[in-house]
Amino acid sequence: MTLLHTLTHPGVSLEGAIFERQAVRAIILRDRDILLLYTRRYDDYSFPGGGLDAGEDPIDGLRRELLEETGAANVTVERYVGYLDEYRPPLKSGYDVLFMRSHFYRCHVDGGLGATSPEAYEVANGMVPRWIDIDAAIEHNERILGTKPAHMGLSIARETWMLRYALAMMAAGAAPA
């Protein structure tokens, strides 16, 4: 496993009670297009994936998340790319820090995307899967980062960093495949 990057959100102290969350996320490319989730509420793009359930196998969790969020049923997990650590404000009372480790996998989707089965908050936020040119996604997220509304979380920093990483690997001829 390779640590790709660490983000510590402003105002977060690494002292105190830490709640840990493991997440899995997919990098799915078709030429220069990348499959991402567009969220209307925040007007941003993010990688499909999410938190693992207790005891859940990461590959099983990734396939579950891809089916729920993108409708992708025929997923091949090609290889592990690495992980990104993040220290964020806590989501649960009784904790001082949320530590999230996002594991990224290069995946391939055969066929089209089917019906999604998003969670209630994803529906409320207007989250939909979209194929988009990777440069356009980075440019879009960077613009949003520059004008980030107060109601928006900081996960866009993680997503944009990882989009730049995937683009750099593509440019080096070593697309995260």
Side-chain angles (χ1 to χ4, degrees), residues 1-10 20-39 42-52 56-88 98-113 116 122 127-148 152-177:
M1 293 199 299
T2 302
L3 172 63
L4 303 173
H5 190 62
T6 300
L7 292 168
T8 303
H9 293 258
E20 184 174 325
R21 181 172 185 235
Q22 297 288 317
V24 288
R25 304 185 193 288
I27 302 169
I28 303 170
L29 298 164
R30 284 189 182 159
D31 298 316
R32 293 197 57 81
D33 285 346
I34 187 165
L35 180 59
L36 298 172
L37 299 172
Y38 174 76
T39 304
Y42 304 120
D43 189 23
D44 71 343
Y45 289 96
S46 60
F47 288 89
L52 291 172
E56 185 175 29
D57 176 78
I59 302 300
D60 292 341
L62 185 60
R63 285 193 173 109
R64 173 185 52 78
E65 287 285 347
L66 287 171
L67 184 59
E68 291 171 3
E69 294 179 346
T70 71
N74 298 316
V75 175
T76 302
V77 178
E78 295 175 344
R79 79 172 182 89
Y80 183 74
V81 174
Y83 64 92
L84 191 146
D85 286 346
E86 193 173 358
Y87 295 91
R88 304 169 61 168
L98 167 62
F99 168 73
M100 184 160 63
R101 178 164 285 169
S102 294
H103 299 272
F104 286 85
Y105 293 83
R106 175 69 168 105
C107 299
H108 177 78
V109 173
D110 290 324
L113 304 177
T116 61
E122 293 167 331
M127 188 179 284
V128 293
R130 285 194 185 160
W131 288 100
I132 182 172
D133 177 84
I134 192 167
D135 290 307
I138 292 168
E139 181 181 319
H140 182 91
N141 275 10
E142 286 177 342
R143 184 170 31 80
I144 298 304
L145 271 168
T147 61
K148 191 176 87 52
M152 181 181 226
L154 295 174
S155 62
I156 187 173
R158 175 193 65 230
E159 302 299 310
T160 306
W161 189 94
M162 197 62 200
L163 280 166
R164 286 187 205 112
Y165 181 84
L167 180 62
M169 291 189 74
M170 288 170 63

Participant: Once you measure the plane-to-plane angle for Tyr105 and His103, does it fall in the parallel (<30°), tilted (30-60°) or perpendicular (>60°) bin?
Facilitator: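 It falls in the tilted class, 30° to 60°.
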
Participant: How far apart are the closest heavy atoms of His9 and Ser155, and which atoms are they?
Facilitator: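 For His9 versus Ser155, the nearest heavy atoms are CE1-N, 4.4 Å.
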
Participant: Would you compute the distance between atom CZ of Arg130 and atom CD1 of Ile34 and round it to the nearest 0.5 angstrom?
Facilitator: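 With rounding to 0.5 Å, CZ (Arg130) is 15.0 Å from CD1 (Ile34).
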
Participant: Look at the side chain of Thr70 and the backbone N and O of Ala72, then say whether any donor-acceptor pair between them is shorter than 3.5 Å.
Facilitator: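 Confirmed, Thr70 side chain pairs with Ala72 backbone.
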
Participant: Decide yes or no for Arg30 and Trp131: does some side-chain heavy atom of the first lie under 4.5 Å from some side-chain heavy atom of the second?
Facilitator: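 Yes - at least one pair of side-chain heavy atoms lies under 4.5 Å apart.
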
Participant: Nearest 0.5 angstrom please: Thr6 OG1 to Glu86 CD, how far?
Facilitator: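 Between atom OG1 of Thr6 and atom CD of Glu86 there are 10.0 Å.
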
Participant: I'd like to check Ile134 versus Met170 (side-chain heavy atoms, cut-off strictly below 4.5 Å). Are they in contact?
Facilitator: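 Side chain of Ile134 against side chain of Met170, heavy atoms only: contact under 4.5 Å found.
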
Participant: Give a yes or no on whether Glu139 atom CD has more than 12 heavy-atom contacts from other residues, nucleotides or ligands under 6.0 Å away.
Facilitator: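 Result for CD/Glu139: open.
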
Participant: Looking at every heavy atom in both Leu37 and Pro48, which two are closest together, and how far apart are they?
Facilitator: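 Reported closest heavy-atom pair: CD1-CA, 3.7 Å.
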
Participant: Check whether the ring centres of Phe104 and Phe47 lie less than 6.0 Å apart, and answer yes or no.
Facilitator: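 Here the rings of Phe47 and Phe104 have centres that are less than 6.0 Å from each other.
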
Participant: Might you work through the salt bridge (Lys or Arg N to Asp or Glu O under 4.0 Å) test for Arg64 and Glu56, ending with a clear yes or no?
Facilitator: CA-CA 10 Å; Arg64 173 185 52 78; Glu56 185 175 29; 2.8 Å; yes

Participant: Return the CG to CG distance between Leu4 and Leu84, rounded to the nearest 0.5 Å.
Facilitator: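 That separation rounds to 6.5 Å.
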
Participant: Determine, step by step, whether Val81 and Ile27 satisfy the side-chain contact (heavy atoms from CB on, under 4.5 Å) criterion, reporting the C-alpha distance in whole Å, the side-chain angles of both residues, the deciding distance to 0.1 Å, and the verdict.
Facilitator: CA-CA 9 Å; Val81 174; Ile27 302 169; 4.1 Å; yes

Participant: Is the shortest distance from a Lys or Arg side-chain nitrogen in Arg63 or Glu68 to a carboxylate oxygen in the other one below 4.0 Å?
Facilitator: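 Salt bridge flag = no for Glu68 with Arg63.
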
Participant: Out of curiosity, Leu29 CG to Leu35 CG, how far, rounded to the nearest 0.5 Å?
Facilitator: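 Leu29 CG to Leu35 CG: 9.5 Å, rounded to 0.5 Å.
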
Participant: Looking at Asp110, I want to see if its CG is surrounded by more than 12 non-hydrogen atoms of other residues, nucleotides or ligands under 6.0 Å.
Facilitator: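 Yes.
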
Participant: Between Gln22 and Ser102 (side chain of the first, backbone of the second, donor and acceptor by atom type, cut-off under 3.5 Å), is there such a pair?
Facilitator: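 A pair under 3.5 Å: no.
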
Participant: For the residue pair Tyr38 / Asp43, report whether a side-chain donor-acceptor contact shorter than 3.5 Å exists.
Facilitator: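 Present: a donor and an acceptor within the cut-off.
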
Participant: Centroid-to-centroid, Tyr45 to His140, below 6.0 Å?
Facilitator: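 Ring centres of His140 and Tyr45 closer than 6.0 Å.
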
Participant: Please report the shortest heavy-atom distance between Arg21 and Gly50, naming the atom on each side.
Facilitator: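 For Arg21 and Gly50, the tightest heavy-atom pair comes out as NH2-C, 4.2 Å.
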
Participant: Look only at the side chain of Asp33 and the backbone of Asp133, and say whether a donor-acceptor pair between them is shorter than 3.5 Å.
Facilitator: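 Checked: pair present.
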
